[in-house]
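For reference, the structure is listed below as structure tokens.
A, B, ... follow the sequence lines: proteins, then strands. Residue 1 opens every chain. From a predicted model like this one, the values you see are computed outputs, not experimental measurements.
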Amino acid sequence: MSVHYRAVQWNRQKRIYDACIVGGIVAFLAVFVLAHRALHPEATTETVLIRGTATLALVMLHGILAIGPLARIDRRFLPFLYNRRHLGVAMFLVAAVHGVLSILQFHSLGDEFPLVSLFTSNTQYTSLADFPFQPLGFFALVILFFMAATSHDFWLANLSPRVWKTLHMFVYLAYALVVMHVMLGAAQRDSSPWLVGPLAAAMLGLVVLHVAAGRRETRFDAGSPSETPDEGFVDLCAIDDIPEDRAVTACLGDERIAVFRYDGKISAISNVCRHQNGPLGEGKVIDGCVTCPWHGFQYLPAEGRAPEPFTEKLETYDVRIDGDRVLVNPTPHPEGTARPPAVIRERDVPEERS
Amino acid sequence: MSVYRTRESEFYVGYHEKAPPATGRFVRVVVGVIAVACVVVPLGFTAAQRPFSTATFEFGSLRELSGFVTRDPVPMLRVVVGYAQGEAVVVSLPLLAPGKFGGARVLDAIEKMIDPSIPPVLSQEVATLEVTLRGTLVYHDGKTLFELSEGEETPVSVDVLAEGALPKVKVESLGRTTLRGEIVDSKCYFGVMKPGLGKPHRSCAIRCISGGIPPVLMVRNAEGDADYILVVGPEREPVNERILDYVAIPVEVEGELERFDDWLLIRTDPASGITPVR
Ligand code: HEM
Ligand code: FES
């Protein structure tokens with residue numbers, strides 16, 4: 001994961017995923033072109049391609065933005081998240097075809113350099129109704145380009161996950177620019193509700209999904225333990241509340257802590273995956289390693305670090321068992337500090353469970 | 001005590017060979033839904049498209065047309081298509097160049113190319129030449145334009161005509177008037193692009209008109225039929241650079257309306273004669 005980088009580390013599921021992306025793109029564009037041939041034979045090929053790639057890119061962008069909250073609401077969407085960056089790169093390429101064709105069609109072969117013409121042909125920058133909508137699409141495309149170009153883990157490691165994550169939050173700015181691009185452009189051509197209607201519905205859908213996913217998070221944050229600390233230790237839950245090889249996640253102070261039970265032991269580590277901040281507490285212990293639910297990065301829970309040769313490190317926390325209760329000290333140890341796990345003795349676990 | 005805990009028994013790992021069974025089933029259903037959307041969305045979007053105009057650009061098919069070239073009011077090839085009551089019936093084809101340019105630059109090139117024994121043929125004097133030109137037709141709604149192919153290819157033949165052999169231009173003043181419509185670039189509107197008008201096409205129309213393509217005021221009557229009026233300055237000079245701000249938006253144009261052979265034109269001073277209407 002972090003020792004060396006290959007262009008893409010292929011595996012069976014990734015290949016299926018990418019085949020689906022390519023198949024979907026081809027099918028969408030083929031239907032778009034053939035339907036125009038049948039229903040609008042007068043349409044020019046350039047226009048059909050410009051609109052087809054535009055519509056497809058817009059649909060893909062909505063899908064990309066929906067995957068995050070969907071996966072938080074229902075974990076069965078996680079396979080879509082795993083290779084989302086491939087979808088992102090594909091969407092950028094489709095949008096780039098639209099942008100390049102538009103610049104060729106509307107700005108090339110004229111008395112001005114096309115990229116200058118893009119900004120200077122329509123100069124009504126102070127008007128809303130006449131606002132030049134094409135530069136909006138251009139800036140969205142530039143953002144999408146940077147995200148596609150830096151989507152590889154090479155950049156993630158070299159930019160640091162925080163910078164990378166911030167950069168990738170710009171997708172929302174790109175989305176806003178695209179919406180304005182459509183509203184101030186094509187939507188003014190078609191007064192029919194068929195462009196604006198679905199777009200508005202899709203925007204609303206995205207907002208609802210994000211709010212729903214966000215509410216799950218805040219409910220969780222608000223519902224965190226408030227027991228009186230005992231020598232700094234906080235009573236978190238019963239041993240049996242933690243399923244074998246799984247974790248409970250608690251928000252103590254500012255920290256989200258994932259407390260894993262595995263192999264008769266309990267360890268507590270930071271909940272935040274060093275890859276892209278995935279929720280480790282929703283992960284699983286596989287082969288003795290905590291495995292992130294998002295892209296499968298692995299960590300040794302008692303060591304607070306990824307197994308050799310990988311180098312990612314996590315904060316660790318002290319754990320104590322008192323009767324059948326699990327107590328955690330919310331003061332973090334620096335990343336990569338090994339802490340002995342609390343060992344579950346036979347009598348700590350009640351025999352009968354109801 | 002409320003802590004968060006994952007309840008699912010399945011755990012998906014992207015780099016494993018297969019997804020767990022329930023997750024796999026779910027993903028297949030969602031992929032099926034997406035596959036249906038890949039057909040339904042483009043179909044729906046296509047069905048909802050506004051109809052496209054029937055304007056035609058005979059891309060790839062070159063024709064040779066013979067006629068008389070004039071630069072007034074805009075570069076045109078005047079083609080005699082027949083005679084009525086002993087008078088020539090003329091169809092005027094505004095001339096275009098490849099790309100976003102008017103025909104003037106091709107005429108300039110032709111003039112430079114012409115045999116030096118022919119008297120200097122600058123601007124209106126070209127009108128005394130009968131030429132055969134090669135190019136591509138652009139037509140829609142009763143109007144035809146001619147995109148000249150560039151370079152050595154364009155002029156096929158040039159003949160000097162005797163004085164009087166030229167069909168007279170019929171100019172008729174129709175008086176001062178105000179018209180409401182949209183200024184379009186004639187090349188895109190009459191065939192090269194669809195849609196060749198309106199907001200999405202605005203910057204292209206500006207580029208084209210700036211490149212010398214004749215601006216045309218499109219005026220729709222109550223029945224939805226359109227009249228097309230060439231927009232020129234008070235002395236019939238080109239005003240392309242001065243009307244760029246008024247292109248592709250609803251405007252009112254005030255000026256002298258004239259019939260010029262088979263075209264209408266309006267002579268207007270853009271600064272005072274053209275106003276956007278909202
Ligand atoms: C350099 C960048 C871009 C340029 C020059 C550009 C230009 C244009 C133009 C001229 C149109 C109107 C087309 C027509 O009416 O036929 C249009 C429409 C559209 N653009 Fe862009 N665009 C750019 C980037 C983008 C990006 C990044 C997206 C988003 C993914 C996008 C999405 C759309 C959509 C959805 C439409 C409406 C489709 C339709 O025509 O019905 N554009 N764009
Ligand atoms: S966030 Fe990508 S593996 Fe954890």
Side-chain angles (χ1 to χ4, degrees), chain A residues 11-14 20 24 27-28 31-32 35-36 39-40 42-44 47 52 55 59 75-76 78-79 82-83 105-107 109-112 117 121-122 130 132 134 185-186 188-190 192 194-195 220 223-225 227 236-237 241-243 246 248-250 281-282 284 286 291 293 295-296, chain B residues 1-8 10-19 22-24 26-27 30-31 34-35 37-39 41-55 57 98-101 192-195 198-204 206-208 210-212 245 249 278:
Chain A
N11 59 52
R12 179 174 171 272
Q13 296 204 43
K14 231 178 235 187
C20 287
F28 189 105
V31 172
F32 198 92
H36 270 81
L39 299 175
H40 298 289
E42 311 84 14
T44 52
T47 302
T55 318
V59 171
R75 295 167 49 84
R76 290 176 299 174
L78 279 171
Y82 178 67
N83 281 318
Q105 161 105 326
F106 295 105
H107 300 281
L109 299 177
D111 59 354
E112 183 62 277
S117 170
S121 48
N122 180 356
D130 295 334
Q134 295 191 41
Q188 302 203 3
R189 164 193 86 218
D190 281 307
S192 108
W194 281 101
L195 184 59
F220 158 55
S224 296
E227 251 69 346
L236 209 65
C237 60
D241 286 337
I242 316 180
R246 295 293 186 127
V248 298
T249 313
E282 294 171 33
K284 186 178 180 182
I286 300 175
T291 307
H295 315 92
Chain B
M1 169 72 59
S2 128
V3 288
Y4 178 80
R5 158 173 92 154
T6 315
R7 284 174 212 289
E8 286 83 357
E10 286 199 339
F11 187 72
Y12 170 80
V13 182
Y15 47 77
H16 286 177
E17 274 293 292
K18 285 188 119 171
T23 304
F26 179 77
V27 167
V30 176
V31 169
I34 295 172
C38 280
V39 175
V41 173
L43 268 185
F45 189 85
T46 308
Q49 290 269 17
R50 265 213 212 166
F52 290 78
S53 101
T54 53
F57 173 44
K100 296 176 172 53
F101 291 101
V192 175
M193 274 189 208
K194 298 174 185 185
K199 170 91 191 260
H201 184 258
R202 178 158 201 225
S203 46
C204 178
I206 290 174
R207 190 80 294 123
C208 287
S210 163
D245 278 349
I249 54 173
R278 283 273 166 246

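For the residue pair A:Glu112 and B:Ser210, no side-chain donor N or O sits within less than 3.5 Å of a side-chain acceptor on the partner.
Annotation: side chain of B:Val41 is not in contact with side chain of A:Phe32 (no heavy-atom distance under 4.5 Å). Put simply, the side chain of A:Arg76 does not reach to within 4.5 Å of the side chain of B:Tyr12, judged on heavy atoms. Side-chain contact between A:Asp130 and B:Ile249: present, with at least one pair of heavy atoms (C-beta onward) separated by less than 4.5 Å.
Applying the side chain to side chain donor-acceptor pair (under 3.5 Å) rule to B:Ser53 yields no partners; only residues at least two apart in sequence or on another chain are considered. Evaluation of the side chain to side chain contact (heavy atoms under 4.5 Å, CB included) rule for B:Val13 yields A:Ile286, A:Thr291, B:Phe11, B:Tyr15, B:His16 as partners, not counting sequence neighbours.
A salt bridge links A:Asp111 with B:Arg207: the closest approach of a Lys/Arg side-chain nitrogen to an acidic carboxylate oxygen falls below 4.0 angstrom.
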*Please step through side chain to side chain contact (heavy atoms under 4.5 Å, CB included) for the pair A:Leu195 and B:Phe45, ending with a clear verdict.*
CA-CA 8 Å; A:Leu195 184 59; B:Phe45 189 85; 3.4 Å; yes

*Just do the side chain to side chain contact (heavy atoms under 4.5 Å, CB included) check on B:Phe52 and A:Thr47 with the steps written out, would you?*
CA-CA 10 Å; B:Phe52 290 78; A:Thr47 302; 3.9 Å; yes

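The candidate from B:Cys38, B:Pro42, B:Ser203, B:Gly99 with the greatest count of non-hydrogen atom pairs under 4.5 Å with chain A is B:Pro42. Chain B forms more heavy-atom pairs under 4.5 Å with one residue of A:Pro132, A:Gly52, A:Ala43 than with any other, namely A:Ala43.
For the residue pair B:Ile206 and A:Ser121, the shortest heavy atom distance occurs at CD1-O, 3.2 Å. Closest heavy-atom contact between B:Arg50 and A:His40: O-CE1, 3.9 Å. Between A:Pro79 and B:Val27, the shortest heavy-atom contact is CG-CG2, 3.5 Å. The nearest pair of heavy atoms linking B:Lys18 to A:Arg12 is CG-NH1, 3.5 Å. The two residues A:Gly185 and B:Pro200 come nearest to each other via the heavy atoms O-CG, 3.8 Å.
The distance from atom SG of B:Cys204 to atom CG of A:Asn122, rounded to the nearest 0.5 Å, is 12.0 Å.
In this structure a side-chain-to-backbone donor-acceptor pair under 3.5 Å is missing from B:Thr46 to A:His36.
Neither the backbone nor the side chain of B:Ala35 comes within less than 4.5 Å of any heavy atom of chain A. The contact between A:Thr55 and chain B is made entirely by side chain atoms (from C-beta outward), counting heavy-atom distances below 4.5 Å. In this structure, chain B has heavy atoms under 4.5 Å from both the backbone and the side chain of A:Gln105.
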